[in-house]
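Okay, structure first, notes after.
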Amino acid sequence: MSALPRSYNPFAEDEEDDVAPAGPGGAGGADRQRYLQQEVLRRTAATADSTTRSLSLLYESERIGVAASEELVRQGEALKRTEQMVDKMDQDLKTSQRHINSIKSVWGGLVNYFKAKPPESKPEQNGAPEYYANSRLKEAMMSSKEQESKYQESHPNLRKLDNSDNDFIKADLDSSVQRDAYPKNQQLRAYHQKIDTNLDEMSSGLSRLKSLALGLQTEIEEQDDMLDRLTKKVETLDVNIKNTDRKVRQL
């Protein structure tokens, strides 16, 4: 029987010979510490870059949302003008029917003479002469447009890339955040502050995107109601036009 313990590792002695001492003053421990520091900095820098890219995409999404909102408002203006034109056509058609009744018979002329003339409804009476988007969408658009400068700064094709260590140190010195909340290493602390700032901006941006989405939803619902109302008016106008045309042919 061998005198070696059952947990004996035959490679343990070789590994102990090859590995340098890992004590506080050993070269292996110092190298290991430097490697860990560099790895922490690398990962922290990658996280900061990732949040910066995410923030840029958020600004881009917000810009697209504003453009979609502006296009939706222009669509609402077009629908409003169309509705006013339909109302004007309906009023003109009623006037034409009165003239047809006068021409068709003497009795119809007498009836029209004594009958009160229907008041002409101006397009403005059916709604505001100008189209106004709902207040929720207007406020969301104004809030997002104020961030246009930040979009210009964050866009990779529009801003100057400069990730030097001096900028991080300067950001660290100018920051009003308490120093106790971050690591003592200046570069690492700057990365942490950058990440926190980006996360705060992302939170605000998501809140603005939510407001834009809710405003767009309200605007779409209002324009859906306008489309339904316009469809009914057009159908009624079509029936009246056909009746008027039949009366004209009977003259």
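Any value given below was found using the heavy atoms of this structure, including those in side chains, with hydrogens, waters and symmetry copies removed. Because the structure is a prediction, the values reported are computed rather than measured.
- With sequence neighbours left out, the side-chain contact (heavy atoms from CB on, under 4.5 Å) criterion links S211 to A140.
- With respect to E83 and K88, no salt bridge is recorded, no charged nitrogen being found less than 4.0 Å from a carboxylate O.
- Taking both residues in full, the closest heavy atoms of L41 and Q187 are given as CD1-OE1, 4.1 Å, listed atom of the first, atom of the second, then distance.
- Considering CD of E62 and OG of S204, their distance stands at 9.5 Å, rounded to 0.5 Å.
- Looking at T51 and L55, their side chains never come closer than 4.5 Å, going by heavy atoms from C-beta outward.
- One distance of note links CG of L93 with CD of Q91; it measures 10.0 Å at 0.5 Å rounding.
- From R208, atom CZ reaches atom CE of M142 across 14.0 Å, with rounding to the nearest 0.5 Å.
- Note that the NZ atom of K194 and the NE2 atom of H192 stand 14.5 Å from one another [nearest 0.5 Å].
- Contacts of Q75 classified as side-chain hydrogen bond (donor to acceptor under 3.5 Å, both in side chains), with partners at least two apart in sequence or in another chain: Q223.
- Taking both residues in full, the closest heavy atoms of S69 and L216 are given as OG-CD2, 3.4 Å, listed atom of the first, atom of the second, then distance.
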>> Under the criterion side-chain contact (heavy atoms from CB on, under 4.5 Å), I'd like the reasoning laid out for I195 against T44: C-alpha separation, chi angles, the key distance, then a yes or no.
In response: CA-CA 9 Å; I195 292 172; T44 308; 4.1 Å; yes
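- For M89, the CE atom is loosely surrounded, since the number of other residues' heavy atoms within 6.0 Å does not exceed 12.
- Counting heavy atoms from C-beta outward, V234 and T82 have side chains that stay 4.5 Å or more apart.
- In terms of modelled atom types and a separation under 3.5 Å, the side chain of T236 and the main chain of K232 share a donor-acceptor contact.
- Taking each heavy atom of S144 and L212 in turn, the nearest pair found is OG-CD1, 3.5 Å.
- Residues I64 and L209 fall into different hydrophobic clusters, defined by Ile, Leu, Val, Met, Phe, Trp and Tyr side chains chained together at heavy-atom separations under 4.5 Å.
- To the nearest 0.5 Å, atom CD of residue Q193 and atom OG1 of residue T197 are 7.0 Å apart.
- Note that the CG atom of L237 and the CE atom of M85 stand 11.0 Å from one another [nearest 0.5 Å].
- Counting heavy atoms from C-beta outward, K145 and E70 have side chains that approach closer than 4.5 Å.
- M226 and G76 get closest at one heavy-atom pair: SD-O, 4.3 Å.
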>> Show, in sequence, the C-alpha distance, side-chain angles and deciding distance for L188 and Q37, and conclude whether the side-chain contact (heavy atoms from CB on, under 4.5 Å) test is met.
In response: CA-CA 10 Å; L188 186 60; Q37 290 176 350; over 6 Å; no
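- Under the salt bridge (Lys or Arg N to Asp or Glu O under 4.0 Å) criterion, no residue pair touches residues 213-225, with sequence neighbours excluded.
- We find that R74 and E77 are not joined by a salt bridge, their nearest charged nitrogen and carboxylate oxygen being 4.0 Å or further apart.
- Heavy atoms only, all atoms of each residue included: N243 and R246 are closest at OD1-NH2, 3.0 Å.
- Side-chain contact between N198 and E201 is absent, with no heavy atoms from C-beta onward closer than 4.5 Å.
- With sequence neighbours left out, R53 forms a salt bridge (charged side-chain N to carboxylate O under 4.0 Å, His left out) with no residue at all.
- Side chain of S54 to main chain of S50: a donor-acceptor pair is present (N/O by atom type, distance under 3.5 Å, no hydrogens or angles).
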>> Is there a side-chain contact (heavy atoms from CB on, under 4.5 Å) between D245 and K242? Walk through the geometry before answering.
In response: CA-CA 5 Å; D245 181 70; K242 291 179 180 179; 5.6 Å; no
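- Qualifying side-chain hydrogen bond (donor to acceptor under 3.5 Å, both in side chains) partners for T244, counting only residues two or more places apart in sequence or in other chains: Q97.
- Note: the hydrophobic cluster containing L206 also contains Y59 (ILVMFWY, side chain heavy atoms under 4.5 Å, direct or indirect links).
- With sequence neighbours excluded, the residues that form a side-chain contact (heavy atoms from CB on, under 4.5 Å) with R136 are N134, L214, T218.
- Panel note: side chain S207, backbone S203; no donor-acceptor pair is recorded below 3.5 Å.
- Electrostatic pairing of D90 and K233 does not count as a salt bridge here, judged by no charged N lying under 4.0 Å from a carboxylate O.
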